[in-house]
Amino acid sequence: MTTGLQTIIYPVKDLAKAKPLFTALLGVEPYADEPYYVGFKAAGQDVGLDPNGHAKGMTGPVPYWHVTDLEERLAALLEAGAELLQAAQDVGGGRLIASVQDPDGNMVGLLQDPAV
């Protein structure tokens with residue numbers, strides 16, 4: 001089951017240039033500011049900047065569907081014809097992400113937050 005689109009990750013080539021642009025756009029300071037990821041929370045959305053995104057095959061922003069069972073949703077997408085791009089990975093604090101590509105070449109991200 002999905003709980004909706006709540007996260008979008010932008011691949012960026014230069015965090016130093018992208019960070020002030022998104023700070024100005026969103027009107028908030030980043031909650032995470034690391035060399036490998038900058039994250040913002042604004043208007044109920046999580047907006048991330050990934051300087052390694054292009055190397056991972058991201059050609060533009062990738063929406064992440066929040067799901068209650070990542071492995072179950074991932075299996076369902078693969079059975080429906082999606083191609084695995086990134087297997088489930090813990091990105092810290094028990095947060096899991098994975099990504100697939102649909103038949104038209106669009107990247108689809110999945111995100112499962114740890115149980116509270």
Side-chain angles (χ1 to χ4, degrees):
M1 179 173 154
T2 180
T3 58
L5 283 170
Q6 300 170 30
T7 301
I8 187 162
I9 307 295
Y10 287 82
V12 298
K13 294 181 179 170
D14 187 334
L15 275 177
K17 290 181 180 177
K19 187 169 59 170
L21 184 141
F22 279 85
T23 300
L25 170 67
L26 301 170
V28 297
E29 293 296 320
Y31 72 85
D33 192 352
E34 301 294 338
Y36 56 87
Y37 182 80
V38 173
F40 298 87
K41 289 193 184 297
Q45 298 294 305
D46 197 344
V47 177
L49 308 177
D50 184 350
N52 301 307
H54 291 97
K56 296 176 192 172
M58 296 171 71
T59 58
V62 175
Y64 279 78
W65 290 90
H66 286 232
V67 296
T68 55
D69 186 331
L70 186 136
E71 293 293 346
E72 179 183 41
R73 288 296 100 218
L74 184 57
L77 286 169
L78 294 174
E79 188 171 318
E83 175 187 337
L84 181 65
L85 295 176
Q86 178 184 332
Q89 173 185 356
D90 189 321
V91 292
R95 177 176 265 194
L96 302 176
I97 63 168
S99 61
V100 299
Q101 183 172 322
D102 74 12
D104 290 316
N106 299 302
M107 288 183 75
V108 177
L110 300 174
L111 187 153
Q112 178 183 323
D113 280 319
V116 185

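Just so it is clear, the structure is predicted and the values come from calculations on it, not from any experiment.
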Asker: What closest approach, in Å, do M58 and I9 show between heavy atoms, and which atom pair accounts for it?
Answerer: CE-O, 3.3 Å
Asker: Is there a side-chain contact between L110 and L77 in this structure, where contact means two heavy atoms from C-beta onward sitting under 4.5 Å apart?
Answerer: yes
Asker: In terms of hydrophobic clustering (I, L, V, M, F, W, Y; side-chain heavy atoms under 4.5 Å; direct or indirect links), are M107 and V100 co-clustered?
Answerer: no
Asker: Below 4.5 Å, heavy atoms only, C-beta onward: do T7 and H66 meet side chain to side chain?
Answerer: yes
Asker: In the single-linkage hydrophobic clustering (I, L, V, M, F, W, Y; side-chain heavy atoms under 4.5 Å), do L21 and V47 co-cluster?
Answerer: yes
Asker: Might you point out which heavy atoms bring G81 and P103 nearest each other, and give the distance in Å?
Answerer: O-CG, 4.3 Å
Asker: List the atom of L15, the atom of V38, and the distance in Å for their closest heavy-atom pair.
Answerer: CD2-CG2, 3.7 Å
Asker: Tell me if a side-chain donor or acceptor on D102 pairs with a main-chain N or O of D104 at a distance below 3.5 Å.
Answerer: yes
Asker: Is it the case that over 12 heavy atoms from other parts of the model lie below 6.0 angstrom from the NZ atom of K41?
Answerer: yes
Asker: Would I8 and V12 show up in the same hydrophobic cluster when neighbours are defined by side-chain heavy atoms closer than 4.5 Å?
Answerer: yes
Asker: Which is it for L74 and L84 under the side chain to side chain contact (heavy atoms under 4.5 Å, CB included) test, yes or no, and what are the steps along the way?
Answerer: CA-CA 9 Å; L74 184 57; L84 181 65; 4.0 Å; yes
Asker: Ignoring hydrogens, what is the shortest heavy-atom contact between G48 and Y37? Give both atom names and the distance.
Answerer: CA-OH, 3.3 Å
Asker: Roughly how far apart are Q112 CD and I97 CD1, rounded to 0.5 Å?
Answerer: 12.5 Å
Asker: Do F40 and T23 have side-chain heavy atoms sitting under 4.5 Å apart?
Answerer: yes
Asker: What closest approach, in Å, do A98 and Y64 show between heavy atoms, and which atom pair accounts for it?
Answerer: O-CE2, 3.9 Å
Asker: Looking at OG1 of T2 and CG of D69, how far apart are the two atoms once the value is rounded to the nearest 0.5 Å?
Answerer: 12.0 Å
Asker: Side chain of Q89, backbone of Q86: donor and acceptor closer than 3.5 Å?
Answerer: no
Asker: Rounded to the nearest 0.5 Å, what separation is found between the CG atom of L111 and the CZ atom of R95?
Answerer: 4.5 Å
Asker: How close do D33 and K19 get, heavy atom to heavy atom, and via which atoms?
Answerer: OD2-NZ, 2.7 Å
Asker: If hydrophobic clusters are built by linking Ile, Leu, Val, Met, Phe, Trp and Tyr wherever their side-chain heavy atoms come under 4.5 Å apart, do Y31 and V91 end up in the same one?
Answerer: yes
